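Numbers here simply count residues along the sequence, with the first being 1. Keep in mind that this is a model prediction, so the values were computed, not measured.
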Amino acid sequence: MGFLDKFENGVERVVNNAFAKAFRGELKPVELASALRREVDERAAVVGRDRTVVPNEFTIELSTADYDQVEAWGAEALADEFAANVTDHAASQRYAFVGPVTVSFSEDTEQEAGRFKVHSATVRGAVAPAANNAPSARHPLVDIDGQRYLLTGPITVIGRGSEADIIVDDPGVSRKHLEIRVTPEGVVASDMGSTNGLFVEGHQVPAATLLDGNTLTIGRTRILFWTGGEPDPDE
């Protein structure tokens, strides 16, 4: 349970939380979280039957004083918490993303302390959080150590390096280990010249066309694959 959940459930007051102390009582993290959720709701766009797309990239403009406080405390941890909160909210509302959810902070020298602005954009990426925990009619889904991702781009690279679309914390995985390519003929998984190879259903292969329910293994990491079926003609 994150600090935002604790605040909203009354388990712990934000004013006693380390995050809140970073703002010296002028600006509370729960206010920023609420603003992010409002931005998601207000920018939600229905693009097809049972599919509502929402922004996935957010920038919070802060005054110089608040920006410096956030940076000194640890902006990355706070941004990750906000991104997770946005993802949870999207799941509760059955919204869809077209790319990874990111939150960043920027400095506005003309902004008053304690005030802020939220900017958002819908930016397509290779993967997106699976807010509904199910493959869509347009995008296959993979489950990696309990984290589920929709494959929203034609090519997804999985590996240990920062250049991968999905980063796996596994020393047995190469920096760019596995490529998953979505084509009209099917979804193809290919080894990218890794050290330990690619296994599909326990068999080492250089490449394989994936079927619904297949299990892939790279290093000690197991990847479950599901296909979303045929695209909906209304989308």
Side-chain angles (χ1 to χ4, degrees), residues 1-46 51-63 66-67 69-108 111 114-134 136 139 141-150 152 165-167 169:
M1 177 180 293
F3 76 91
L4 297 172
D5 299 311
K6 292 181 179 181
F7 178 89
E8 292 170 351
N9 292 334
V11 176
E12 178 177 330
R13 292 181 59 84
V14 170
V15 293
N16 293 327
N17 190 283
F19 283 109
K21 291 178 181 178
F23 293 91
R24 299 177 183 174
E26 295 176 350
L27 188 66
K28 296 181 175 62
V30 70
E31 295 174 343
L32 300 179
S34 296
L36 288 169
R37 290 195 295 268
R38 285 196 304 272
E39 182 74 8
V40 167
D41 293 335
E42 292 173 0
R43 293 285 304 278
V46 178
R51 187 164 184 259
T52 301
V53 171
V54 294
N56 58 295
E57 291 192 1
F58 303 87
T59 301
I60 302 175
E61 286 188 358
L62 299 169
S63 69
D66 290 331
Y67 180 82
Q69 289 168 0
V70 169
E71 285 292 314
W73 193 92
E76 184 176 349
L78 187 56
D80 288 345
E81 186 75 29
F82 285 147
N85 190 258
V86 167
T87 302
D88 290 344
H89 177 65
S92 70
Q93 301 300 313
R94 299 187 64 80
Y95 294 147
F97 298 109
V98 298
V101 177
T102 63
V103 177
S104 61
F105 303 97
S106 67
E107 179 184 2
D108 182 354
Q111 187 71 269
R115 296 184 178 275
F116 61 90
K117 296 178 182 177
V118 175
H119 301 280
S120 66
T122 300
V123 182
R124 183 172 294 277
V127 297
N132 296 332
N133 286 328
S136 75
H139 306 300
L141 179 149
V142 293
D143 181 306
I144 304 177
D145 294 332
Q147 294 292 320
R148 294 189 169 194
Y149 306 88
L150 289 176
T152 50
D165 298 305
I166 301 177
I167 300 173
D169 184 14

*Are side-chain heavy atoms of Phe105 and Leu78 found at a separation under 4.5 Å?*
yes
*For Val98, does its backbone N or O pair with a side-chain atom of Asn56 as donor and acceptor, under 3.5 Å?*
no
*Mind listing the closest non-hydrogen atom pair of Ala44 and Thr52 along with its distance?*
CB-CG2, 3.7 Å
_Main-chain N/O of His89 paired with Ser92 side-chain donor or acceptor, under 3.5 Å_ = yes
*Nearest 0.5 Å, what's the CG-CG distance between Asp169 and Asp145?*
9.0 Å
*Side-chain H-bond candidate by donor/acceptor type, Asp41 with Tyr95, under 3.5 Å*: yes
_Sub-4.5 Å side-chain heavy-atom contact between Phe82 and Pro29_ = yes
_Single hit among Val40, Thr59, Leu36, Val103 for side chain to side chain contact (heavy atoms under 4.5 Å, CB included) with Val118_ = Leu36
*Does Gly125 offer a backbone N or O that forms a donor-acceptor pair with the side chain of Thr152 under 3.5 Å?*
yes
*Roughly how far, to the nearest 0.5 Å, is the NE2 atom of His119 from the CD atom of Glu57?*
14.0 Å
*Atom NE2 in His139, atom CG in Leu150: separation rounded to 0.5 Å?*
7.0 Å
*Look up atom CG in Leu141 and atom CG in Asp143, then write down how far apart they are to the nearest 0.5 Å.*
7.0 Å
*Measuring from Lys117:NZ to Gln111:CD, what's the distance to the nearest 0.5 Å?*
5.5 Å
*What is the minimum heavy-atom distance between Pro129 and Gly99, and which atoms define it?*
CD-O, 3.5 Å
_Side-chain heavy atoms of Ile166 within contact of Val142, under 4.5 Å_ = yes
*Using a 4.5 Å cut-off on heavy atoms from C-beta on, say whether the side chain of Leu62 contacts that of Gln69.*
no
*Could you give the distance from CD (Glu71) to CG (Asp66), rounded to the nearest 0.5 Å?*
12.0 Å
*Should Glu76 and Asp80 count as side-chain neighbours, where that means a heavy-atom distance under 4.5 Å?*
yes
_Under 3.5 Å donor-acceptor, Arg43 side chain and Ser120 backbone_ = yes
